[in-house]
Amino acid sequence: MTEQGISNLSNENRRFEPPAELAANANLTAEAYERASADRLGFWAEQAERISWSTPFTEVLDWTKAPFAKWFVGGTLNAAYNCVDRHVEAGHGERVAFHFVGEPGDTRDITYANLKDEVSQAANALVDLGVKTGDRVAIYMPMIPEAIVAILACARLGAPHTVVFGGFSSDALASRVEDCDAKIIITADGGYRRGAPSALKPAVDEALAKLGDTSPVQHVLVARRTETDTEMTEGRDVWWHDVVATASTDHTPEAFDAEHPLYVMYTSGTTGKPKGILHTTGGYLVQNAYTFWGIFDHKPDDVFWCTADIGWVTGHSYMVYGPLLNGATQVMYEGTPDTPTKGRWWDIISDYGVTLFYTAPTAIRTCMKWGEQIPAERDLSSLRIMGSVGESINPEAYVWYRDNIGSGRTPIVDTWWQTETGAHMMSPLPGVTSAKPGSAMRAIPGIDIEVVDDAGQPVGNGEGGYLVVTEPWPAMLRTIWGDDDRYKETYWSRWENLYFAGDGAKKDDDGDIWLMGRVDDVMNVSGHRLSTTEIESALVSHPKVAEAAVVGAADDTTGQAVVAFVILRESAGDGGQEVVKELRDHVGKEIGPIAKPKRIMVVPELPKTRSGKIMRRLLRDVAEDREVGDSSTLADAGVMQLISDGIGAGKGDDD
Ligand code: PRX
């Protein structure tokens, strides 16, 4: 029996024990908790042996300049060598690194030996284009193997990459390129989405036109995928097939300091300006090598598939670095889950015998809507561990996932972490933990996490508070690119020596932790972080908008949905559906389609306190069709009535 408890328990009260065979052969066992708590730094020094160092480190952690950490001090290494070359040297050159599956149905298997050649060629080509160690390279690509090659080529040269999600707009690309001063952009003509080519290069041209004379970009390297007509600017733009495919496959990797910058990943914060999260080399690689091995219980015969896009941190940590450091075989899929049929993902799992699968709750909820018949028609028996990331997985989706994708026996690892943490921080251990649907359970061995109250004191079991990390960890962000003060202020200022993650959490009666969502002005839509302020800024940048307030409202599929309240300028008229559409498109253009509000309500006023702060709580009540809560601190008590009247009069939009 793999499940304790009786089926009439509500889902969140169920417990799932690890399958006996998995428990008996698990990479990470309960003993690791004891070892790590007895000697935390010694434990991390042991994990550091999972990667190859050119020069050994002399000190595990230097925290004397907290909150600026140095891990594995004095060590030197090359990230790409660790991900690729050393597996070839160990005789695994013929092992498949990626089974690439294109959306139209084309496939390509790339071995570790192929990957080594292609990464070396790309590194040589980048050098020819003028890239030097320390230069930043922006990558704006669809989900094609060249994206992985590009990332690894940058890592090989010690040129920090900044990958911008391909769904972001040209404006978002331009601001990121400008912020990190990128010398090169690597892109593609396009990629396939929903059965058709979707162009990408024009957005790069627009971004560079926008930056104009101040653009730091010297060259654009373009991979060919869709073969659509693509404008190339003479002297600036070059084709991948001209300069990479023809370059030498010999490239000797240089060793860099453990603290050498590996990449910058932009993420939404509580202000309008995205934060460039900086990850460095040694610590980031160690924690990713360790968590991929331990949390996914990776064995050499496994086939791993992470459905995240390469443009998010999950794609970096669990499609590039974690799996490749372990010499894993993976699936990489270009397109959408419902092209050409709603069974596409499950066909891929059965075609490649995927054993380890990592996705987000919003995807599971979408599959729930499509019905259990679709996975039931496919053979998913190869799966042995399934992961979840991005938001709390609601117990119903968890049990559906386990029953319908995991054949009722496959354990689920609900992994809590962030762009800032770089790698898994909390998760059940697949071979150890009696898992509770909806709970990320507790910190993994080597990580220290607490739930604290307003005074920064740990809460008792059965109580709620704020999630904090109490000790530095190897894959932690080192700073916000170019803004050390914002780094200190955002993460370390609320309580002394505690990293504040921005999440609310509660401890249950056993001391297991349940995440309760963000406590700041950050929304979580389909597992993606969006800032209310960023979308508000986009809205007020439209000439017809006088003021805007944005909230995240509960949504059955996406977790939260963006709902905007706007006050229009006189000149905009009374705000019919056309204006609403115009505003949605404007946000799509400013940030990207994922940020488009699901609903925009045109209102005459916004609820504000006497000090002028928007009371988003009240707007959330309206957005979630609830009775409006306590509004006694409003400057103008009649505002909520005005808002409700406006909506009653049909000025809201819901498309
Ligand atoms: O609120 C938490 C939520 O996602 C946030 C981090 O978002 P991002 O940096 O975009 O990274 C997403 C992928 C790592 C967290 O602050 N979150 C992520 N995983 C979980 C989660 N909330 C609950 N349970 C999780 N497993």
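Atom set for the values below is all heavy atoms of this structure, side chains included, hydrogens, waters and symmetry mates excluded. Note that ligands are numbered from 1 as they come in the structure, with each ligand's atoms numbered from 1 the same way.
- When ring centroids are compared, His424 and Phe292 stay outside the 6.0 Å threshold.
- A 6.0 Å sphere centred on NZ of Lys70 holds no more than 12 heavy atoms belonging to other residues, nucleotides or ligands.
- Compare Gly390, Ser317, Ser392 by their heavy atoms: the one nearest to atom 23 (C) of ligand 1 is in Ser392.
- Taking the six-membered ring where the residue is Trp, the centroids of Trp481 and Tyr266 are separated by 6.0 Å or more.
- Considering only non-hydrogen atoms, atom 20 (C) of ligand 1 lies nearest to Glu391 out of Met523, Glu391, Met425, Arg529.
- Atoms of ligand 1 lying under 4.0 Å from any heavy atom of Asn524, numbered from 1 in the order shown and given with element: 3 (C), 4 (O).
- Side chains of Glu450 and Thr470: no donor on one and acceptor on the other come within 3.5 Å.
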Does the ring pair (Phe, Tyr, Trp, His ring centres under 6.0 Å) test come out yes or no for Trp345 and Trp305, once each step is laid out?
-> CA-CA 10 Å; Trp345 276 12; Trp305 182 20; 5.8 Å; yes
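- Considering every non-hydrogen atom in both Leu619 and Ala549, the closest pair reads CD1-CB, 3.6 Å.
- At the top of the distance list for atom 13 (C) of ligand 1, counting protein heavy atoms only, stands Thr314 OG1, 3.4 Å.
- Residue Ala440 has no N or O atom closer than 3.5 Å to an N or O atom of ligand 1.
- Nearest-residue assignment for atom 6 (C) of ligand 1 (options Trp312, Trp417, Trp514; heavy-atom criterion): Trp417.
- Listed by number with element, the atoms of ligand 1 under 4.0 Å from a non-hydrogen atom of Asp414 are 24 (N), 25 (C), 26 (N).
- Proximity of Ile393 to ligand 1, defined as any heavy-atom pair under 4.0 Å, is not found for any part of the residue.
- Remark: Arg494 is positioned above the aromatic ring of Tyr466, its terminal NZ or CZ atom under 6.0 angstrom from the ring centre and at most 45 degrees off the axis.
- For ligand 1, the polar-atom distance check finds no N/O of Ser388 at less than 3.5 Å from any of the ligand's N/O atoms.
- Exactly one of Arg617, Arg616, Arg529 qualifies for a salt bridge (charged side-chain N to carboxylate O under 4.0 Å, His left out) with Asp521. That residue is Arg616.
- Of the N or O atoms in Asp503, one or more lie within a sub-3.5 Å distance of an N or O in ligand 1.
- Near Leu515, with a cut-off below 4.0 Å to any heavy atom, the atoms of ligand 1 are 23 (C).
- In the vicinity of Val389, heavy-atom distances shorter than 4.0 Å reach the ligand 1 atoms 13 (C), 14 (C).
- Atom CG of Asp556 sits in a sparse spot, with 12 or fewer heavy atoms from other residues, nucleotides or ligands closer than 6.0 Å.
- Counting heavy atoms closer than 4.0 Å to ligand 1, residue Arg518 contributes side-chain atoms (C-beta onward) but none from N, CA, C or O.
- Atom 9 (O) of ligand 1 has its closest protein heavy atom at Thr419 OG1, 2.6 Å.
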